[in-house]
A.B. asks: 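Below you'll find the structure I mean.
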Amino acid sequence: GVVRALAKQPDLLVCNGGTAALEGGAQGRRMTSIVRLREGGGVIWVLSRPGLAQHFDKILALREGRVIAQGGFEELRKPGSAVADLLAAE
């Protein structure tokens with residue numbers, strides 16, 4: 001899966017739930033490693049745990065297929081934001 005995709009060195013790597021079964025800390029370490037290996041290339045990662053978004057430079061929050069917020073993690077976790085609501089529910 002992911003190893004084969006990384007070996008092909010695509011311009012954009014899309015990951016969807018490949019680490020969802022891992023415990024939160026292990027999932028974060030795996031994500032950080034993959035993002036580091038992709039330096040110079042893009043990564044889109046569909047997250048099941050909103051708190052893991054802190055490992056990315058730019059975050060897009062979607063609801064019903066529409067972008068409801070975008071920016072950095074610190075910006076988007078401010079009280080009252082859509083992402084803060086997701087984090088509170090986590």
Side-chain angles (χ1 to χ4, degrees):
V2 173
V3 174
R4 281 191 302 269
L6 289 170
K8 291 182 180 183
Q9 299 180 341
D11 292 333
L12 180 64
L13 179 65
V14 179
C15 298
N16 184 9
T19 62
L22 297 173
E23 167 270 323
Q27 187 176 20
R29 287 188 299 277
R30 174 80 45 90
M31 293 170 70
T32 300
S33 295
I34 291 171
V35 169
R36 196 174 298 130
L37 287 169
R38 293 291 305 139
E39 195 167 325
V43 177
I44 295 176
W45 206 302
V46 179
L47 299 173
S48 57
R49 296 180 184 136
L52 292 170
Q54 66 186 311
H55 297 282
F56 297 90
D57 297 327
K58 184 171 184 180
I59 302 162
L60 299 176
L62 305 173
R63 181 174 289 137
E64 297 179 9
R66 297 188 184 275
V67 176
I68 58 168
Q70 61 182 311
F73 186 75
E74 292 303 318
E75 172 188 352
L76 294 180
R77 67 183 287 213
K78 291 180 181 175
S81 74
V83 175
D85 294 342
L86 290 171
L87 289 166
E90 186 174 24

A.B. asks: If I take atom CG from residue Leu87 and atom CD from residue Gln54, how far apart are they, to the nearest 0.5 angstrom?
C.D. replies: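 Spacing of CG (Leu87) from CD (Gln54) equals 9.0 Å.
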A.B. asks: Check for me, please, whether Val43 and Phe73 land in the same ILVMFWY cluster - side-chain distances under 4.5 Å, paths through other members count.
C.D. replies: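 In one cluster with Val43: Phe73, no.
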A.B. asks: With sequence neighbours left out, which residue pairs that include part of residues 68-77 fulfil the salt bridge (Lys or Arg N to Asp or Glu O under 4.0 Å) condition?
C.D. replies: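 Counting only pairs at least two positions apart or across chains, the salt bridge (Lys or Arg N to Asp or Glu O under 4.0 Å) contacts touching residues 68-77 are Glu74-Arg77.
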A.B. asks: Among residues two or more places apart or on two chains, list those pairs meeting side chain to side chain donor-acceptor pair (under 3.5 Å) that have a residue in residues 58-73.
C.D. replies: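 Qualifying pairs: Lys58-Gln70.
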A.B. asks: Taking all non-hydrogen atoms of both residues into account, name the closest pair between Ile59 and Gly72 and its distance.
C.D. replies: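 It is CD1-C, 4.0 Å.
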A.B. asks: Please find the pair of heavy atoms, one from Pro79 and one from Ala84, that lie closest to each other, and give the distance.
C.D. replies: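 Heavy atoms only, the tightest pair is CA-CB, 4.3 Å.
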A.B. asks: Work out which heavy atom in Val83 is nearest to a heavy atom in Ala61; give both atom names and the distance.
C.D. replies: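 Minimum heavy-atom separation between Val83 and Ala61: CG2-CB, 3.8 Å.
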A.B. asks: Could you pull out the closest heavy-atom pair between Leu62 and Val67, with the gap in Å?
C.D. replies: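 Scanning both residues, the minimum pair turns out to be CD2-CG2, 3.4 Å.
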A.B. asks: Apply the side chain to side chain contact (heavy atoms under 4.5 Å, CB included) test between Ile44 and each candidate in Leu60, Leu12, Leu13; give the one that qualifies.
C.D. replies: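 Among the candidates, only Leu12 passes.
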A.B. asks: Report yes if the side chains of Trp45 and Ile34 come closer than 4.5 Å at any heavy-atom pair, otherwise no.
C.D. replies: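 Side chain of Trp45 against side chain of Ile34, heavy atoms only: contact under 4.5 Å found.
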